[in-house]
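Heads up: the structure comes next, in structure tokens.
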Amino acid sequence: MNFIDKLSAAWTRNDSLLCVGLDPDLARFPTHLKDQPDAIVQFCKAIIDATADLACAFKPQIAYFAALGAEDQLEAICRYLRETYPHIPLILDAKRGDIGATAHQYAREAFERYGADAVTVSPYMGSDSVEPYFDWPDRGVIVLCRTSNAGGSDLQFLDVGGVPLYQHVAKLVAEKWNRNGQYALVVGATFPEELAQVRKIIGDMPLLVPGVGAQGGDVAATVRAGRTANGTGMMINSSRAILYAAAQEGEDFAAAARRVARETRDEINRYRG
Ligand SMILES: O=c1ccn([C@@H]2O[C@H](COP(=O)(O)O)[C@@H](O)[C@H]2O)c(=O)[nH]1
């Protein structure tokens, strides 16, 4: 099954557009886990088990692992996801982008080392920088378009021939790069007007939408702007608000994560149709 089919099946199976982000920050872990050598694996597995029936995707952010030299723990978590929840897409958030030969290594890292169903990439280096990903036609390529951070406007809002740059990216991906139907775009929940513009340009192509939860994006405005005609089309990501939902030391962090994931999933669903 390719990435898009797997994602569609997960939307239906879990009645969910919620993507649970895995951004493990040791400083925010419960005390009893902090000193364990595999603390990140234990923490992420507990979050995954607590939310797997509420999520349409999981998105580990590679920086949280690489910064600690904990790629082995990321491998273990990806293996656990593939073996235990093979029906839920695994998105590696790595925001890669480089010349073709190097991009080929990034693709191998995402799809072979970590076994990801999809990877995030930057469009900045153009067509030849995404060419290697076509060698894995069953995997997804998710291109940064209108990111959720304020500084994204520095470049993404530049006027290029009367059209903002992010809209050129949306058109380029929809009309040229998506020849295998394996592409999706990143558009932040913090910019619902731009989300609506992108949806108009790309038809039913899926969107990865970070920015609800800790970044304060408006769920109702996000869903209304980005949903497709059948009320799907989005992986709405929340990381910290779910991972660190426990209000105090000693509270069951996985149960708290489940409560917030359920509330977020249900809030999203209120505006889908
Ligand atoms: O435009 C973007 C692209 C990626 N991200 C990533 O999503 C999560 C958001 O985490 P929260 O804790 O829910 O804010 C994080 O991994 C970012 O690197 C993004 O925020 N915006």
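Both backbone and side-chain heavy atoms feed into the values below; hydrogens, waters and symmetry mates do not. Both ligands and their constituent atoms are indexed starting at 1 by order of listing.
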- R240 contact mode with ligand 1 (heavy-atom cut-off under 4.0 Å): both
- How does P210 reach ligand 1, if at all, at less than 4.0 Å between non-hydrogen atoms: by side chain, backbone, both, or neither? side chain
- Query: Can D93 be said to touch ligand 1, with heavy atoms closer than 4.0 Å?
  - Reply: yes
- Message: Nearest 0.5 angstrom please: D135 CG to R108 CZ, how far?
- Response: 11.5 Å
- Identify which of Q215, Q61, K59, Q156 has a heavy atom lying nearest to atom 18 (O) of ligand 1. Q61
- Item | Over 12 foreign heavy atoms within 6.0 Å of CZ, R13 | no
- Answer yes or no for G213: is there a heavy-atom contact with ligand 1 below 4.0 Å? no
- Message: Looking only at protein heavy atoms, which one is nearest to atom 13 (O) of ligand 1, and what is the separation?
- Response: S239 N, 2.9 Å
- Query: If you measure from each heavy atom of K95 to ligand 1, is any distance below 4.0 Å?
  - Reply: yes
- Task: Check each atom of ligand 1 against the heavy atoms of D23 and keep those under 4.0 Å away; list them by number with element.
- Result: 8 (C), 10 (O), 15 (C), 16 (O)
- Parallel, tilted or perpendicular: rings of F253 and F43 (30°, 60°): parallel
- Message: Tell me whether the rings of F134 and Y183 are parallel (<30°), tilted (30 to 60°) or perpendicular (>60°).
- Response: tilted
